Number of protein chains: 2
Amino acid sequence: MVVQTDLSDAEVDRIFHALADATRRDIVRRTLTVESSVSELAQAYDMSFAAVQKHVAVLEGAGLVVKTPRGRERLVRGNPDRIRKAQRLLDAYEQLWRDRVDRLDSLFAERPDR
Amino acid sequence: MVVQTDLSDAEVDRIFHALADATRRDIVRRTLTVESSVSELAQAYDMSFAAVQKHVAVLEGAGLVVKTPRGRERLVRGNPDRIRKAQRLLDAYEQLWRDRVDRLDSLFAERPDR
DNA sequence: CTAACCTGCAACCAAATGGTTGTACAAACT
DNA sequence: AGTTTGTACAACCATTTGGTTGCAGGTTAG
């Protein structure tokens, strides 16, 4: 079983770009809770079916959402794995900052100014 | 002291949009570690000064970076608070998914099929 | 004082984004 | 069989984005 370990810059771009839209975030939220068809989703928003379909396509391209066919509809469900991937990316940034604080602290410990 | 507790949709849009670009993510990474002037940053990338300056402006607009004047330069440093805000947003999504799993589990416990 | 440096901003341009409508096709009713 | 439903995709349009160059203003260095 191949488990994807690392994300390219382009993939990270796509993930954050997909999250940078309130409608798309709402679709993720919704489909993490209940699996829905594209048309069910479309009814929830004040825009055309095609517009919602495009949003779903963007989310799918980012891997934040997965589509599975069931008869004539496509069931959309949120992908918690990708959410966690994004979380870990942010974790890495936070860690950088903590490392910096640690460095400053140890510098301070080395040269106490009293 | 006023501590901002919640983010509007537009603010969340700006945060994720700011993160959806490799150059901008690199600026955040860099300035979380070492404070740098805009021109120091500009030297690190293969694009014009103005382009880098725009990226910094986008990051600043999202609150991911803070600028403080020092003489003729503006020192840029990453804002760990905003990173954490973004983390908590993603946490909320992950929690939705866990809630769903819990619901399915308890449903299963109520009606064991054996 | 003058020159060099750092920054911000405007104008411009090509490409991408987010919306629309229309068309096509497969699946499911009646 | 014919109609409705669900989806995909293309074409089109306005706006935004990400880059450029050029200019103006404040700050530092010679």
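The analysis underlying the following values was restricted to heavy atoms, covering all of them including side chains, and did not include hydrogens, waters or symmetry mates. In this text, all values refer to a predicted model and were calculated from it rather than measured experimentally. Chain identifiers are assigned alphabetically (A, B, ...) following the order of the sequence lines, protein sequences preceding nucleic acid strands; residue numbering begins at 1 within each chain.
Judged by distance alone, the side chain of B:R25 and the main-chain N or O of A:D9 form a donor-acceptor pair under 3.5 Å. Side-chain N or O atoms of B:R24 include one that pairs as donor or acceptor with a backbone N or O of B:A18 at under 3.5 Å.
Rounded to whole Å, atom C1' of D:dG6 lies 12 Å from atom CG of A:L41. Distance, A:D21 CG to C:dA16 C1': 14 Å, rounded to whole Å. Rounded to whole Å, atom P of C:dC6 lies 12 Å from atom CG of B:L75. Atom P of nucleotide C:dC6 and atom NZ of B:K67 are separated by 15 Å, given to the nearest angstrom. For the pair A:R74 CZ and D:dT5 P, the interatomic distance rounds to 18 Å; values are reported in whole Å. To the nearest angstrom, C1' of C:dG8 lies 15 Å from CD of B:E73.
A sub-4.0 Å separation between OP1 or OP2 of D:dG18 and a side-chain N or O of B:H17 is present. Distances shown here put every side-chain N or O of A:S39 at or beyond 4.0 Å from the OP1 or OP2 atom of D:dT5. Listed pair A:R72 / C:dC29 fails the phosphate criterion, with no side-chain N or O lying under 4.0 Å from OP1 or OP2.
Residue contacts shown for A:R70 are absent, as no nucleic acid heavy atom lies under 4.0 Å away.
Cluster membership check: B:Y93 shares its hydrophobic cluster with A:L89, using side-chain heavy-atom separations under 4.5 Å among Ile, Leu, Val, Met, Phe, Trp and Tyr.
With sequence neighbours excluded, no residue forms a side chain to side chain donor-acceptor pair (under 3.5 Å) with A:R14.
Using modelled atom types and a 3.5 Å distance limit, the side chains of A:Q95 and A:D99 yield a donor-acceptor pair.
Near DNA chain C, meaning a heavy atom under 4.0 Å from it, residues 45-59 of chain A has A:M47, A:S48, A:A50, A:A51, A:K54, A:H55 in order of number.
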Check step by step if side-chain contact (heavy atoms from CB on, under 4.5 Å) holds for B:R84 and A:W97. CA-CA 11 Å; B:R84 278 189 284 262; A:W97 178 76; 3.6 Å; yes
Could you walk me through whether B:V56 and B:V76 pass the side-chain contact (heavy atoms from CB on, under 4.5 Å) test, one step at a time? CA-CA 8 Å; B:V56 173; B:V76 182; 4.1 Å; yes
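Candidate nucleotides D:dT7, C:dG18, C:dT7 were compared by shortest atom distance to the side chain of A:V38, and D:dT7 ranks first.
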